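Worth knowing before you read on, the calculation uses all heavy atoms, side chains too, and leaves out hydrogens, waters and symmetry mates. Since we're looking at a predicted model, the values are computed, not measured.
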Amino acid sequence: SAAVSVIGGVACAKIFPEYYREYKKKKQLNELRTQFKDLLESLTSSYSAGQNTVEAFGDAVSDMTSIYGEDADIVKEVQIISTGLQNNINIEELLLDFADRSSLDDVMSFANVFEICNRQGSDLKRIVSDTREIINDKIEVEMEIETMIAGSKNELNIMMIMSVIIVVMLRGLGNTMAGANNVATVFIKVICIGIFALAYVIGQKIIDIKI
């Protein structure tokens, strides 16, 4: 079925790259959030040692580089913030810019809270420490949820693969109604695969639990 193969190939070329981009984006954001948690831990230690904000972010550059390497996203972000502070750019603007580019709710919340507390002269050490603990709790809860739904994810993937395998196995039935590739059977097979694909997408949305 050359026509069906061409149509399927075009559909996959449209769908799979977008799906892969979303997967990579989600993975990168999860890694950045974990790195951001370690950044807050570094800032907490610096504030506990009596350092000011400029010194704290300067030390954070070294800490993040030693943990993740120079090419890590968090290292680049902290370098931007540290350089901006050295050029007398407001810390609130730098943090909000980081939050906008990262698209992480945790970073945005921290930037907003930091802005208010910094202007009112609040205890920055406590604010940073509390934010780190909240992120830690969220990550732990998400890991527990991932463990709980791991079986459901595997079942969903198996269901999708089995639908394709069953259609391929029908070819072994010869020229019967199920194995023949006439207009009617091809149309039915495409509809069935489409239903399974739709069920897979809906299943992914159901198990994608966000906190």
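Within the hydrophobic cluster formed by Ile, Leu, Val, Met, Phe, Trp and Tyr side chains joined at under 4.5 Å, directly or through other members, Met108 is accompanied by Leu96.
Across every non-hydrogen atom of Val113 and Ile127, the tightest pair is CG1-CG2, 3.5 Å. Closest of all the heavy-atom pairs between Ser102 and Leu32 is CB-CD2, 3.7 Å.
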key: Candidate pair Val107 and Phe98, rule side-chain contact (heavy atoms from CB on, under 4.5 Å), full reasoning   = CA-CA 8 Å; Val107 180; Phe98 173 30; 3.7 Å; yes
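Taking the side chain as every heavy atom from C-beta outward, Glu55 and Asn52 approach each other to under 4.5 Å. Contact check for Gln51 versus Tyr47: no side-chain heavy atoms found under the 4.5 Å cut-off. Looking at Ile91 and Phe57, their side chains come closer than 4.5 Å, going by heavy atoms from C-beta outward.
Under the salt bridge (Lys or Arg N to Asp or Glu O under 4.0 Å) criterion, Lys26 pairs with Asp208, sequence neighbours left out. Every residue meeting the side-chain contact (heavy atoms from CB on, under 4.5 Å) condition with Val201, not counting sequence neighbours, appears here in chain and number order: Lys205. In this structure, the ring pair (Phe, Tyr, Trp, His ring centres under 6.0 Å) partners of Phe114, at least two apart in sequence or on a different chain, are Phe110. In this view, Glu133 satisfies the salt bridge (Lys or Arg N to Asp or Glu O under 4.0 Å) rule with no residue, not counting sequence neighbours. Taking Lys24 as the reference, Tyr20 meet the side-chain contact (heavy atoms from CB on, under 4.5 Å) condition, with sequence neighbours excluded. When the salt bridge (Lys or Arg N to Asp or Glu O under 4.0 Å) test is applied to Asp137, no partner is found at least two apart in sequence or on another chain. For the side-chain contact (heavy atoms from CB on, under 4.5 Å) test, residues two or more places apart in sequence or in another chain that qualify with Leu198 are Ile202. Every residue meeting the salt bridge (Lys or Arg N to Asp or Glu O under 4.0 Å) condition with Glu18, not counting sequence neighbours, appears here in chain and number order: Arg21. For the side-chain contact (heavy atoms from CB on, under 4.5 Å) test, residues two or more places apart in sequence or in another chain that qualify with Asp63 are Ser42.
We find the CG-CD1 distance between Leu85 and Ile80 to be 12.0 Å, quoted to the nearest 0.5 Å. We find the CG-OG distance between Leu43 and Ser129 to be 11.0 Å, quoted to the nearest 0.5 Å.
Within the 3.5 Å criterion, the main-chain N or O of Ile89 finds no donor-acceptor partner in the side chain of Asn87.
Residue pairs meeting the side-chain hydrogen bond (donor to acceptor under 3.5 Å, both in side chains) criterion with at least one member in residues 66-81, sequence neighbours excluded: Gln28-Asp73, Asp38-Tyr68, Glu77-Arg101. Listed by first and then second residue, the side-chain hydrogen bond (donor to acceptor under 3.5 Å, both in side chains) pairs involving residues 103-112 are Asp106-Lys138 (not counting sequence neighbours).
In summary, of the residues considered (Thr53, Leu95, Val54, Val61), a side-chain contact (heavy atoms from CB on, under 4.5 Å) with Ile81 occurs for Leu95 alone. The only member of Lys25, Glu31, Lys27 that meets side-chain contact (heavy atoms from CB on, under 4.5 Å) when paired with Leu29 is Lys25.
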